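Report on the following structure.
Bear in mind the structure is a predicted one, so any value in this text is a computation, not a measurement. In this chain, residues are counted from 1 in sequence order. Counting convention: from 1, in listed order, for ligands and their atoms alike.
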Amino acid sequence: MNKKTVRDIDVKGKRVLVRVDFNVPLDKKTGVITDDTRIRAALPTIQYLVDHGARVILCSHLGRPKGQVKEGLRLTPVAVHLGKLLGQPVLKTDDCVGPEVEAAVAALGNGDVLLLENLRFHAEEEANAPAFARQLAGLADVYVNDAFGTAHRAHASTEGVARYLPAVAGFLMEKEIDYLGRAVENPEHPYIAIIGGAKISGKIEVLENLLGKVDALLIGGGMANTFLKAQGFYVGDSLVEDDKLDLAREILSRGQNKLHLPQDVVVADAFDANAKRQVVDVLAVPEGWRIMDIGPKTLAAFEQVLRPARTVVWNGPMGVFEFPTFAAGTQRMAELLAHLDAVTIIGGGDSAAAVAQIGLEAEMSHISTGGGASLEFLEGKVLPGVAALLDK
Ligand code: ADP
Ligand code: MG
């Protein structure tokens, strides 16, 4: 990676402002953290800073308070949980800027950890207001960005502060950039992408960028329906984007021998976990039924293409994996990837959730913690939160 990291700076005794992604899911009723993956993902950087005698000031957003204080979106439960994971108390302020925060920072000793309140309680955070960014920056001597999941947004805490402080990457950020960067810039071939999920829209630029780089592109999930319809197949009541048929045709003609679409599919008589199911050829989708997953013939064909792969990027489930009856395609795909002798990179929130649900997380080379950010990376875009960091 061509960006400086925490290893490249002296942090002992320094006040280090660390942007982390603690935007964790909370139980709506109890406020309990239901998945602490994002907190755990930031531990290596936090622990490193603690061990090297830094005064650690963590900041994050949580949910969408839209510039107002929302009691249910305070980071207090996160501070408590982080304290348990670190095995040391984590101090917490009720705001992220202002005199109370400045006093708390001034009282920090080497190796102490403080978590600031939800950044998005201030509208200036998302607006990337310079005065707010300067206030945040004023709390610290150096800035570390470890929030890859928000790096595609130019907010005060992800981009603005970097104008006022020396800015470097944390270990999570470094790992994300290393893996995703390799896939985008110099993948080992054969390089194969698997794209699925609900829709084409939102992934058009990913499809177009990857098409120019990969040796093969496998398409599954709901997005395959639009491609199938564009080729003249009848898709019944399947999720289809009729306004994307021309685009699908264009991608099909550009992709030619690189594109692989489903040959058979699992159809349901309703969009329901308990719907009737059957496997049919793509030529034989019954009237009133809908495509919910890829079929076994398709999986076998995809497996053939994948076998020699050295680099694989997967974004988007192969079917409606939330319903166990229609999860087989996604499950089998995860198993195929787990057995490949290749660098396997998973991007996308639902794709990561699917791999976790199947229990194959440890078998993948890299599962990106950033849904939108990983997509923009795969589109070939420069993320503002990454661009703002110091070059090596
Ligand atoms: P990611 O978050 O990994 O980028 P997406 O958000 O694009 O993935 O898509 C995930 C969603 O796509 C899942 O909720 C899944 O149920 C849905 N999906 C996959 N296949 C189909 C299908 N055939 N019909 C309808 N929805 C589908
Ligand atoms: Mg998603």
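Between G349, A198, G220, it is A198 that holds the heavy atom closest to atom 11 (C) of ligand 1. Comparing V355, V320, I200, V266 by heavy-atom distance to atom 26 (N) of ligand 1, the nearest is V320. Here atom 13 (C) of ligand 1 lies nearest to E322 when heavy atoms of M318, M223, E322 are compared.
The part of N315 lying near ligand 1 is the side chain, judged by heavy-atom distances below 4.0 Å. When heavy-atom distances to ligand 1 are checked against a 4.0 Å cut-off, D350 comes that close through both its backbone and its side chain.
Using a 4.0 Å heavy-atom cutoff, K199 is absent from the residues neighbouring ligand 1.
Exactly one of S374, S351, S368 qualifies for a side chain to side chain contact (heavy atoms under 4.5 Å, CB included) with I346. That residue is S351.
At a 3.5 angstrom cut-off on N or O pairs, S351 counts as close to ligand 1. For the pair L375 and ligand 1, the shortest N or O to N or O distance does not fall below 3.5 Å.
A distance-only check finds no donor-acceptor pair linking the side chain of K244 to the backbone of S201 [under 3.5 Å]. The backbone N or O of M318 sits less than 3.5 Å from a side-chain atom of T330, completing a donor-acceptor pair.
Within 6.0 Å of the NZ atom in K66, the count of heavy atoms belonging to other residues, nucleotides or ligands does not exceed 12.
Protein nitrogen, oxygen and sulfur atoms, that is N, O or S, within less than 2.8 Å of the Mg ion (ligand 2) amount to 1.
By the 4.5 Å heavy-atom criterion applied to side chains, K3 and E174 are not counted as neighbours.
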